[in-house]
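Take a look at the structure set out below.
Within every chain, numbering begins at 1; the chains are lettered A, B, ... in the order of the sequence lines, protein sequences first and strands thereafter.
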2 protein chains.
Amino acid sequence: MDTKSAVTLLSSIAQEARLDIFRLLVQAGASGLSAGVIGERLSIPNSTLSFHLKELSYAGLIHSRQESRFVYYSANYAAMNRLLDYLTQNCCAGEQACCSDITCETT
Amino acid sequence: MDTKSAVTLLSSIAQEARLDIFRLLVQAGASGLSAGVIGERLSIPNSTLSFHLKELSYAGLIHSRQESRFVYYSANYAAMNRLLDYLTQNCCAGEQACCSDITCETT
DNA sequence: ACAACATTTCTATATTTATGGAAATATAGT
DNA sequence: ACTATATTTCCATAAATATAGAAATGTTGT
């Protein structure tokens, strides 16, 4: 990953509404949530929501799929993991380990 | 951690110059680097650098300490780890583990 | 006090980003 | 085709952020 891509990913979640959306989707799992449900849960007007979903999609942090009348959005876990790895790469100048051991909490 | 704090942290590294600075410091280890060295390594004019260092400090992602004529900046690993944890909290809706195992690479 | 260097503040300007109403575009059921 | 529902695009406006030159401030050694 290069700096520019990482900045694109980070910018996409460096905003309150989008971070809320992303975390909601991270917690929702692979099946995701429809745009309408997201908007309702977070009280975001539809045009504003659409703008933010586009930002997250463009960055590649979320996927979307059409299913009947609804568009379902879901977290791109692989992209998230790549980003987290990038931030901690080659850390600590050879000193003792300092970085997180992040493990998925499955409950 | 709440959303606002996380956004502050993310915003502080969602910018090319600042992400470069942060990663440089992550890799530099606990001793850190002086403002001058950072500016030289990344070719950032001093007033611009100062602006970005302030942003990172304000967010709490880096520390600074004065040592003789120099100001040394260093990564706040604890803050970084808290942020990474926050992003992956309660992920995947009880499905199989999906999140990174990030371990410090010490070489 | 002075000189040399390091870093920050001041300032103006340029650029990017966020917001949400209204209208347009899909999709599905009857 | 018509109606109801879901989502996106268009648009104007408001707000936040980035840049870097010049001046000011801090620090150390002589």
Side-chain angles (χ1 to χ4, degrees), chain A residues 2-25 28 31-76, chain B residues 3-25 28 31-75:
Chain A
D2 61 357
T3 307
K4 275 194 214 305
S5 318
V7 166
T8 302
L9 289 169
L10 288 166
S11 297
S12 77
I13 48 173
Q15 203 278 348
E16 217 174 325
R18 288 199 297 271
L19 183 55
D20 284 340
I21 294 167
F22 179 67
R23 283 190 12 105
L24 189 61
L25 293 177
S31 56
L33 298 171
S34 70
V37 168
I38 299 169
E40 195 182 323
R41 289 260 190 100
L42 302 176
S43 304
I44 302 174
N46 48 8
S47 65
T48 303
L49 177 65
S50 198
F51 168 78
H52 288 311
L53 287 171
K54 210 171 95 182
E55 295 282 306
L56 287 164
S57 294
Y58 175 77
L61 261 189
I62 64 175
H63 292 304
S64 68
R65 69 178 195 283
Q66 181 112 26
E67 203 163 292
S68 95
R69 232 184 313 193
F70 306 88
V71 179
Y72 284 85
Y73 288 91
S74 53
N76 181 348
Chain B
T3 307
K4 276 196 213 305
S5 317
V7 166
T8 302
L9 289 169
L10 288 166
S11 296
S12 77
I13 49 173
Q15 204 277 348
E16 218 173 323
R18 288 199 297 270
L19 182 55
D20 284 340
I21 294 167
F22 180 67
R23 284 189 13 103
L24 189 62
L25 293 178
S31 57
L33 298 171
S34 70
V37 168
I38 298 169
E40 196 181 324
R41 290 259 190 100
L42 302 177
S43 303
I44 301 174
N46 51 7
S47 63
T48 303
L49 176 67
S50 198
F51 168 78
H52 289 310
L53 288 171
K54 210 171 95 184
E55 295 283 306
L56 286 164
S57 294
Y58 175 76
L61 263 188
I62 65 176
H63 291 303
S64 69
R65 70 179 193 283
Q66 180 112 27
E67 204 163 291
S68 95
R69 229 184 314 194
F70 306 89
V71 179
Y72 284 85
Y73 288 90
S74 52

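For the pair A/Asp20 CG and C/dA18 C1', the computed distance is 15 Å after rounding to whole Å. Atom-to-atom, CD of A/Glu16 to P of D/dA16 comes out at 13 Å; the value is rounded to the nearest Å. Atom CG in B/Leu53 sits roughly 15 Å away from atom C1' in D/dT19 (whole-Å rounding). In this structure, A/Leu19 places its CG atom 17 Å from C1' of C/dT17, rounding to the nearest Å. Between the OH atom of B/Tyr72 and the P atom of D/dT27 there is a distance of 15 Å, rounded to whole Å. Rounded to an integer number of Å, the gap from CD of B/Glu40 to P of C/dA6 is 10 Å. When rounded to the nearest whole Å, the span between NZ of B/Lys54 and P of C/dA6 equals 22 Å. Across the protein-nucleic acid pair, A/Phe70 atom CZ and D/dT5 atom P stand 11 Å apart, rounded to whole Å.
Note on A/Arg69: every side-chain N or O is 4.0 Å or more away from OP1 and OP2 of D/dA4. In terms of phosphate contacts, B/His52 brings a side-chain nitrogen or oxygen within less than 4.0 Å of OP1 or OP2 of D/dT19. Phosphate contact (OP1/OP2 of D/dA20, side-chain N/O of B/Thr48, threshold under 4.0 Å): present. Note on B/Gln15: every side-chain N or O is 4.0 Å or more away from OP1 and OP2 of C/dT15.
Comparing B/Ala35 and A/Ile44, the nucleotide of DNA chain C nearest to each residue sits closer to the 5' end for B/Ala35. Of the residues near DNA chain C, A/Phe51 and B/Tyr73, the one whose nearest nucleotide (by heavy atom distance) lies more toward the 5' end is B/Tyr73.
Looking at the side chain of B/Pro45, the nearest of the listed nucleotides D/dA20, C/dT9, D/dT7 is D/dA20. If you check D/dA18, C/dT27, D/dT8 against the side chain of A/Gln66, the one that comes closest is C/dT27.
Using a distance-only test at 3.5 Å, with no hydrogens or angles considered, a donor-acceptor pair links the side chain of B/Arg18 to the main chain of B/Ser12. Formation of a donor-acceptor pair under 3.5 Å by the B/Arg41 side chain with backbone atoms of B/Ile21 is not found in this model. Checked by atom type and distance alone, the side chain of A/Ser11 never pairs as donor or acceptor with a backbone atom of A/Thr8 at under 3.5 Å.
With a 4.5 Å cut-off on side-chain heavy atoms, B/Ile62 and B/Ser57 count as touching. A heavy-atom distance below 4.5 Å is found between the side chains of A/Leu25 and A/Leu33.
When heavy atoms are screened at a 4.0 angstrom cut-off, B/Ser11 is found touching no nucleic acid atom at all. Within the nucleic acid shown, A/Ser50 comes within 4.0 Å of at least one base atom, counting heavy atoms only.
The heavy-atom pair separating B/Leu10 from A/Ile13 by the smallest distance is CD1-O, 3.3 Å. Shown here for B/Gln66 and B/Val71, the closest heavy-atom pair between the two residues is OE1-CG2, 3.9 Å. For the pair B/Ser64 and B/Tyr73, the tightest heavy-atom approach, listed with the atom from each and the gap, is CB-CE2, 3.4 Å.
One axis for each end of the helix from C/dA1-D/dT30 to C/dT30-D/dA1, each built from five base pairs, and the angle between them comes to 30° at 10° resolution.
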